[in-house]
Amino acid sequence: MENSLSVSIQLSLLEQVENGEVEAPSFPFYYCNGEESWVVSTEKCMLGGCDMELIRCKDEAEAYEKALALSQGGNYRMARKSCSYCFDEYNDRREFVGSY
């Protein structure tokens, strides 16, 4: 008699979104090491497309639900300003080009 093991692997919500198994929100959600939390990005940098204006969430499920609610509510990610990193890089390049 063979001994077979049944292994059930639970995919994370993020993996389920990537695989097309659940609805994909238009707002990105992910675990942010810098925030040490799951986040939803509601704005993006107009220079580099960096994620900005992060909403901290207690876990992946809350982040997914928040991102989905924002998406279904007719909201969209704004790109009205630049993050400090991209702004500084932009100014450094302008100064370099202007020095010729």
Side-chain angles (χ1 to χ4, degrees):
M1 184 170 139
E2 285 187 33
N3 191 6
S4 65
L5 294 175
S6 175
V7 178
S8 175
I9 298 174
Q10 177 69 32
L11 294 177
S12 72
L13 282 167
L14 190 56
E15 291 170 319
Q16 291 176 45
V17 166
E18 291 169 351
N19 292 339
E21 297 172 22
V22 296
E23 184 177 349
S26 58
F27 287 79
F29 71 100
Y30 53 91
Y31 187 83
C32 178
N33 289 325
E35 295 289 326
E36 297 181 349
S37 175
W38 281 88
V39 297
V40 177
S41 172
T42 61
E43 197 165 326
K44 61 184 173 183
C45 172
M46 64 185 225
L47 292 175
C50 309
D51 289 335
M52 299 173 56
E53 301 301 323
L54 303 177
I55 299 172
R56 293 179 66 163
C57 301
K58 66 180 179 188
D59 56 28
E60 182 185 28
E62 181 183 7
Y64 173 74
E65 291 299 324
K66 182 67 175 174
L68 195 58
L70 286 167
S71 301
Q72 292 173 341
N75 299 295
Y76 57 95
R77 287 178 72 203
M78 303 294 283
R80 301 179 291 194
K81 57 188 175 184
S82 61
C83 69
S84 59
Y85 176 80
C86 290
F87 183 75
D88 290 345
E89 186 175 303
Y90 171 76
N91 278 334
D92 289 346
R93 288 184 181 175
R94 277 188 35 205
E95 290 172 9
F96 178 74
V97 171
S99 66
Y100 282 104

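Taking Ile, Leu, Val, Met, Phe, Trp and Tyr as members and joining any whose side-chain heavy atoms lie under 4.5 Å apart, directly or through other members, the hydrophobic cluster of Y31 also contains L13, L14, V17, V22, F27, F29, W38, V40, I55, Y64, L68, L70. Grouping Ile, Leu, Val, Met, Phe, Trp and Tyr residues whose side-chain heavy atoms lie under 4.5 Å apart, directly or via other members, places V39 in a hydrophobic cluster with Y30, L54.
Rounded to the nearest 0.5 Å, atoms CG (L47) and OG (S82) are 4.5 Å apart. For the atom pair CE of M52 and CE of M78, the computed distance is 11.5 Å after rounding to the nearest 0.5 Å. Note that OG of S71 and NZ of K66 are 11.0 Å apart. Values are rounded to the nearest 0.5 Å.
Side chain of E62 to backbone of K58: a donor-acceptor contact under 3.5 angstrom is found. Between the side chain of S37 and the backbone N or O of C57 there is at least one donor-acceptor pair closer than 3.5 Å.
For the pair E53 and K81, the minimum side-chain heavy-atom distance is below 4.5 Å.
Heavy-atom minimum distance, R56 versus E35: NH2-O, 3.1 Å. Residues E60 and S12 approach most closely at OE2-CB, 3.3 Å, considering heavy atoms. The two residues R77 and S41 have their closest heavy-atom pair at NH2-OG, 3.2 Å.
Salt bridge R93/E89: present, at least one basic N to carboxylate O contact under 4.0 Å.
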